[in-house]
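Whatever order the structure lists them in is the order used to number ligands and atoms, beginning at 1.
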Amino acid sequence: MGKANGFLVAGMAALLMHAAPAFSQEVLDPDPNTLAPSKDPKRQANGLALTPPMGWNSWNKFACNVNEQVVRDTADAIASNGMKEAGYEFVVIDDCWHGTRDENGFITEDKTRFPSGLKALADYIHSKGLKFGIYSDAGTKTCGGRPGSQGHEYQDAIQYARWGVDYLKYDWCSTGVRNAEEAYALMSDALRATGRPIVFSLCEWGNSKPWLWASKIGNLWRTTGDITDKWVGKHGYSWGVASIVDMNEPLWPYAGPGHWNDPDMLEVGNGGLTDTEYRSHFSLWALMAAPLIAGNDVANMSPETRAILLNRDVIAVNQDSLGKQGHRIAKNGDLEVWSKPMADGGRAVLLFNRGTTPARIGTDWTALGLPATVRMQVRDLWAHRDLGRVAKRFEAEVAPHGVVMVRLQP
Ligand code: GLA
């Protein structure tokens, strides 16, 4: 009897050892079901956004006061003021468009703000030759307290595709202990399953370092907290333009065609900065291959704002097919030199003066990785002036908080 019991105990111990999770894990690896989504060898990028997305988003100017008239007026403006021809494509409604979920769990639009419905609005935007974007959240609620997509991911993706959505910005409020990579991969897969090409914009503020895992999950990922229409510093949970720049800059190696660092939407034209500062903001975003998503009232903007957003020379730097994010190559106190390699073998160069007095800033060709003797064609991208062929070095006087931006072409 004692002997039989002894066998039984030994047998059970052996069985238990086999069932121990750590052991079975080793035997089963590599099982795709145990891999993080970004490590699954079968995962492919969606092939969209081969240059940084361009468009408009309602949040920076209208916040929760967005409605269908604002969106229609914006689409009309973009289609008629030159923005569409310059490349602005996506018209994106941020937070607060949501109504309740219907009896089957499908999300509906807020009928007082969008009485004609989002399908009609999408059709209108498409009729202007533009694309339609929308906003949701990986948690139970959006940051504005509307219904989030948690637990409704596939259902929401189907609804967006039915409306004709071309772009989804997906936020990170009310997510509790959710794992960001899993949550974003789930919505990425849901969007893919609709069969409709939908650009996927991750908005988890850089908390879980999406640049390390999101290149095949989404097309752009926020790298920072929210931008605000101020020059520098932290303001509540938001950051001024020059502070955002410093957080986004070091991430340059992670950007490329189809997957971009997103230092948040533009504040150009919202009134908090000077035009000089807005030119710097726009130039830095362009040079960092950031999405160029206007965040102002484009239907009622000043000629100065329009001239900034419509600078085709600067936009061409941003949209260059090589898709390299430019970065800082020299810093001397408040004076900085930034460079972006271009597909033609040239460089876009930004001289940036963070200080409060005018200053001369310059760079040698060798610092840009070019031979000193090569004569490059130089164009001033804000003066819109060709400066002829130049060897060795370029320098210029730069206004306080200002930039001089040039393009060097072979
Ligand atoms: C977060 C995002 C913003 C905006 C708001 C909407 O703060 O970071 O860009 O979408 O939510 O509530």
Side-chain angles (χ1 to χ4, degrees), residues 52-67 70-71 74 90-99 107 109-110 113-114 118 132-150 156 160 165-176 178 180 183-184 187 198-211 214 218-230 233-241 243-245 247-248 251 260-270 272 281 285 288 290-298:
M54 292 179 65
W56 172 88
N57 174 299
S58 54
W59 184 255
N60 284 356
K61 172 70 186 175
F62 297 96
C64 260
N65 294 320
V66 66
N67 59 48
V70 164
V71 179
T74 300
F90 295 100
V91 177
V92 183
I93 311 177
D94 205 280
D95 206 347
C96 303
W97 59 263
H98 319 66
I107 189 71
E109 61 279 83
D110 180 332
R113 292 178 187 281
F114 296 91
L118 288 194
F132 177 48
I134 211 171
Y135 162 101
S136 187
D137 187 289
T140 51
K141 284 186 172 160
T142 71
C143 296
R146 305 305 194 271
S149 289
Q150 183 165 2
D156 284 355
Y160 303 155
V165 166
D166 307 297
Y167 183 113
L168 174 67
K169 171 176 169 182
Y170 202 48
D171 215 339
W172 191 243
C173 278
S174 302
T175 46
R178 280 198 98 170
Y184 281 97
M187 187 48 109
I198 299 176
V199 170
F200 191 32
S201 158
L202 281 62
C203 179
E204 61 74 80
W205 320 305
N207 291 2
S208 329
K209 300 186 169 62
W211 46 90
N219 302 104
L220 56 155
W221 49 76
R222 282 275 296 278
T223 56
T224 72
D226 287 8
I227 197 169
T228 188
D229 192 17
K230 295 191 164 47
K234 189 162 197 261
H235 307 268
Y237 60 82
S238 306
W239 298 86
V241 167
S243 301
I244 296 245
V245 164
M247 293 184 265
N248 194 63
L251 302 174
W260 309 101
N261 288 312
D262 174 9
D264 208 355
M265 304 164 300
L266 299 167
E267 291 284 5
V268 176
N270 280 334
H281 174 20
W285 260 237
M288 292 193 296
L292 295 182
I293 310 290
N296 61 316
D297 183 0
V298 296

Please assess Thr223 against Asn248 for the test side chain to side chain donor-acceptor pair (under 3.5 Å), listing each intermediate value before the final yes or no. CA-CA 6 Å; Thr223 56; Asn248 194 63; 2.8 Å; yes
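- Below 4.0 Å from some heavy atom of Cys143 lie the following atoms of ligand 1, by number and element: 1 (C), 11 (O), 12 (O).
- Using a cutoff of 4.0 Å between basic side-chain nitrogens and carboxylate oxygens, Asp264 and Arg222 are scored as salt-bridged.
- Of the options Tyr170, Tyr160, Trp260, a ring pair (Phe, Tyr, Trp, His ring centres under 6.0 Å) to Phe200 is made by Tyr170 and by none of the others.
- Put simply, part of Trp205 is less than 4.0 Å from ligand 1, judged by heavy atoms.
- Distances below 4.0 Å separate heavy atoms of Gly144 from the following atoms of ligand 1: 12 (O).
- For atom 10 (O) of ligand 1, the choice among Asn57, Asp95, Asp94 with the nearest heavy atom turns out to be Asp94.
- Every atom of ligand 1 is numbered from 1 in the order shown, and the set under 4.0 Å from a heavy atom of Arg222 is 8 (O), 9 (O).
- Closest protein heavy atom to atom 3 (C) of ligand 1: Asp226 OD2, 3.5 Å.
- Side-chain N/O atoms of Ser58 and Asp94 include no donor and acceptor closer than 3.5 Å.
- Heavy-atom proximity to Asp171, at under 4.0 Å, picks out these atoms of ligand 1: 1 (C), 2 (C), 5 (C), 10 (O), 11 (O).
- Listed by number with element, the atoms of ligand 1 under 4.0 Å from a non-hydrogen atom of Lys169 are 3 (C), 4 (C), 9 (O), 10 (O).
- Expressed to the nearest 0.5 Å, how far OH of Tyr135 lies from OG of Ser201 amounts to 10.5 Å.
- For the residue pair Trp211/Asn261, the side-chain donor-acceptor check at 3.5 Å is not satisfied.
- Ligand-side atoms of ligand 1 in range of Cys203: 2 (C), 8 (O), range being under 4.0 angstrom from any heavy atom.
- Checked by atom type, the side-chain pair Asn270/Asn296 shows no donor-acceptor distance below 3.5 Å.
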